[in-house]
There are 2 protein chains.
Amino acid sequence: MAAPEGLFALEGRPTAQLIADQLREQIVQGVFRPGEQINESVLASQLSTSRGPVREALQRLCQEGILVSRRNRGVFVLELAMEDIREIYAVRVAVESTAADALLDAGQEQVKDTSQALKAIISDMAKQVAVSDWKAIARLDMQFHTSFVAGAGNTRLIRIYKTLAAESRMCILNLAVAYPRIDVLVQEHQNLLDLLEAGHREELHKAITRHMESAVEDLTGTTEEGSP
Amino acid sequence: MAAPEGLFALEGRPTAQLIADQLREQIVQGVFRPGEQINESVLASQLSTSRGPVREALQRLCQEGILVSRRNRGVFVLELAMEDIREIYAVRVAVESTAADALLDAGQEQVKDTSQALKAIISDMAKQVAVSDWKAIARLDMQFHTSFVAGAGNTRLIRIYKTLAAESRMCILNLAVAYPRIDVLVQEHQNLLDLLEAGHREELHKAITRHMESAVEDLTGTTEEGSP
DNA sequence: GAACTGTAGATTGTCAACAATACCCTATAT
DNA sequence: ATATAGGGTATTGTTGACAATCTACAGTTC
């Protein structure tokens with residue numbers, strides 16, 4: 001029952017994983033809005049598959065935290081409150097700081113590889129800023145930080161950060177005005193990269209913390225506490 | 001939408017979550033050894049249920065990382081290498097340090113509540129050390145650190161740490177001689193508690209780092225490198 | 001004897017049907 | 001009019017059967 005549709009083939013990799021990845025991407029891109037219900041059956045028919053794999057994928061996303069499941073009611077896209085934003089960014093500081101340490105301890109070679117990847121992302125980001133493509137900017141923003149963490153090579157750190165990145169994109173997408181300080185966005189990331197290459201550990205830590213704190217301010221400042 | 005304060009969750013996710021919790025507990029207690037395969041069918045019949053819920057539980061544990069799934073082959077208990085130990089404890093340092101900061105920032109009230117819980121755990125730990133009940137010691141060790149993190153109130157941090165605690169227990173259980181420095185075990189945890197109560201942020205960070213580093217030394221020192 | 005191929009067994013992956021449950025809407029009584 | 005009880009409906013939760021796939025073993029050939 002291969003889908004004649006445009007979505008990729010099974011390709012010997014776990015099906016549920018593929019579905020989960022597609023779903024996650026659609027969620028962080030806003031195809032599904034916060035609070036919206038996701039129906040197993042309709043999703044299964046859309047993907048030309050059965051409810052089994054779809055169910056597994058949904059459960060996976062529930063455990064990641066970007067979906068919430070209510071018993072016998074269904075799964076819904078996570079609704080983010082201000083407290084969630086603070087939590088997410090607090091954990092991001094922890095993860096990225098740890099990644100920074102691990103990266104600097106790993107040696108110049110690894111730093112070099114990582115900074116090359118980061119430089120390319122910053123370059124792309126500058127282009128998208130020029131044309132104000134918000135979705136692309138959000139994607140590249142997360143791609144920068146994900147690559148940064150990935151550079152440390154700690155698989156558990158990477159796994160943790162994957163969820164945080166998804167949640168962050170949901171924050172940015174759903175909480176109205178995403179980047180009020182777009183003029184300094186590229187500059188801030190360039191600063192992080194410079195500090196990494198220079199090996200200034202303490203300064204890098206401080207920069208990461210500031211970067212996240214200002215993000216929290218931007219996000220919480222543009223949002224009224226939405227408690228239903 | 002105020003939640004009724006009196007009654008707790010009436011089993012929000014009964015079956016799969018229940019099975020997963022049971023499985024995880026058995027895994028960290030060594031009922032299933034590392035590398036051992038877990039059969040869906042036999043587990044289902046043992047639990048008097050179908051393969052569906054069992055499969056969901058297994059997938060959940062796969063995503064947590066204490067099981068690994070090989071396509072069309074089955075799920076196996078995670079085999080920990082020395083690199084894994086270093087990873088786990090590096091992330092634990094990050095999480096606990098962040099929890100410590102959040103706890104100290106949250107105010108004296110929250111610190112008080114947490115330290116009371118920790119004190120009780122240390123007390124129990126001392127008793128179990130006296131009778132050399134290793135499994136109970138390992139459980140209380142993790143309970144201490146889990147309660148510490150839980151005290152910070154960051155749900156994402158707590159969720160992350162749950163997996164780390166399980167993996168740590170697997171390390172301790174599976175890597176032969178668990179606690180070579182049992183005489184200072186209680187003392188070390190008491191030290192962490194004292195620093196928390198005193199509010200010595202920097203000292204607490206250093207103590208957490210030392211605590212984890214010596215744990216890594218103990219674990220990797222008693223293990224022969226089993227890398228293919 | 002070694003290497004290759006084909007078959008057998010077992011286990012996971014997938015599917016469609018059945019059952020259980022929570023919510024919504026209506027009817028009824030106070 | 002409000003509150004309450006009852007049935008209807010939609011959705012998830014569960015089940016057993018079927019299909020796909022991988023490993024291992026045996027048989028055959030050079």
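Just so it is clear, the values below take in all heavy atoms, side chains as well, and ignore hydrogens, waters and symmetry mates. Every chain is numbered from 1 and lettered A, B, ... according to where its sequence line falls, protein lines coming before strand lines.
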Problem - salt bridge (Lys or Arg N to Asp or Glu O under 4.0 Å) partners for A/Arg60, two or more places apart - result: none
Practice task
Looking only at non-hydrogen atoms, find the nearest pair between B/Gln37 and B/Gly74 and report the distance.
Solution key: NE2-CA, 3.8 Å
Completion exercise
Assign each of B/Gly74 and A/Pro53 the nucleotide of DNA chain C bearing its closest heavy atom; nearer the 5' end lies the nucleotide of B/Gly74
Problem - Phosphate contact (D/dT14 OP1 or OP2) by B/Thr49 side-chain N/O below 4.0 Å - result: no
Problem - Sequence neighbours excluded - salt bridge (Lys or Arg N to Asp or Glu O under 4.0 Å) pairs with any residue from residues 22-32 of chain A - result: A/Asp21-A/Arg24, A/Arg24-A/Glu64, A/Glu25-A/Arg169
Problem - Residues that B/Arg55 engages under side-chain contact (heavy atoms from CB on, under 4.5 Å), provided they are two or more places apart - result: A/Glu56, B/Glu40, B/Arg51
Practice task
Check the distance between D/dC22's C1' and B/Arg70's CZ and give it to me in whole angstrom.
Solution key: 11 Å
Handout entry: Results of salt bridge (Lys or Arg N to Asp or Glu O under 4.0 Å) for A/Asp105 - residues two or more places apart only
Key = A/Arg201
Exercise for the section: Please name all residues satisfying salt bridge (Lys or Arg N to Asp or Glu O under 4.0 Å) with B/Arg159, sequence neighbours left out, ordered by chain then number. Expected result: none
Completion exercise
For residues 146-157 of chain A, the salt bridge (Lys or Arg N to Asp or Glu O under 4.0 Å) pairs (sequence neighbours left out) are A/Arg156-B/Asp84, A/Arg156-B/Glu87, A/Arg156-B/Glu167
Practice task
Flag the pair B/Val149 / B/Glu96 as yes when at least one side-chain heavy-atom distance between them is below 4.5 Å, and no otherwise.
Solution key: yes
Exercise for the section: Whole angstrom is fine here: how far is it from CZ in B/Arg55 over to P in D/dG16? Expected result: 16 Å
Exercise for the section: Using atom CD of A/Glu56 as one end and atom P of C/dT12 as the other, report the distance to the nearest whole Å. Expected result: 12 Å
Problem - Residues forming a side-chain contact (heavy atoms from CB on, under 4.5 Å) with A/Ala102, sequence neighbours excluded - result: A/Ala152
Problem - side-chain hydrogen bond (donor to acceptor under 3.5 Å, both in side chains) pairs, two or more places apart, involving residues 110-123 of chain A - result: A/Ser115-A/Glu197
Practice task
Can you sort out the partners of B/Phe144 under ring pair (Phe, Tyr, Trp, His ring centres under 6.0 Å), two or more places apart, ordered by chain and number?
Solution key: B/His189
Practice task
Have a look at the helix from C/dG1-D/dC30 to C/dT30-D/dA1 and give the angle its two end axes make, five pairs each, rounded to 10 degrees.
Solution key: 10°
Practice task
Return the residues of residues 35-45 of chain A meeting this criterion: a heavy atom under 4.0 Å from some atom of DNA chain D. Order them by number, or give none.
Solution key: A/Gln37, A/Ile38, A/Asn39, A/Glu40
Fill in the blank from the handout: Reading nucleotides 17-22 of chain C from 5' to 3' and marking B where a protein heavy atom lies under 4.0 Å of the base, S where only the sugar-phosphate is that close, and - otherwise, the string is B---SS
Practice task
Send over the distance from A/Gln59 CD to D/dT14 C1', rounded to a whole Å.
Solution key: 13 Å
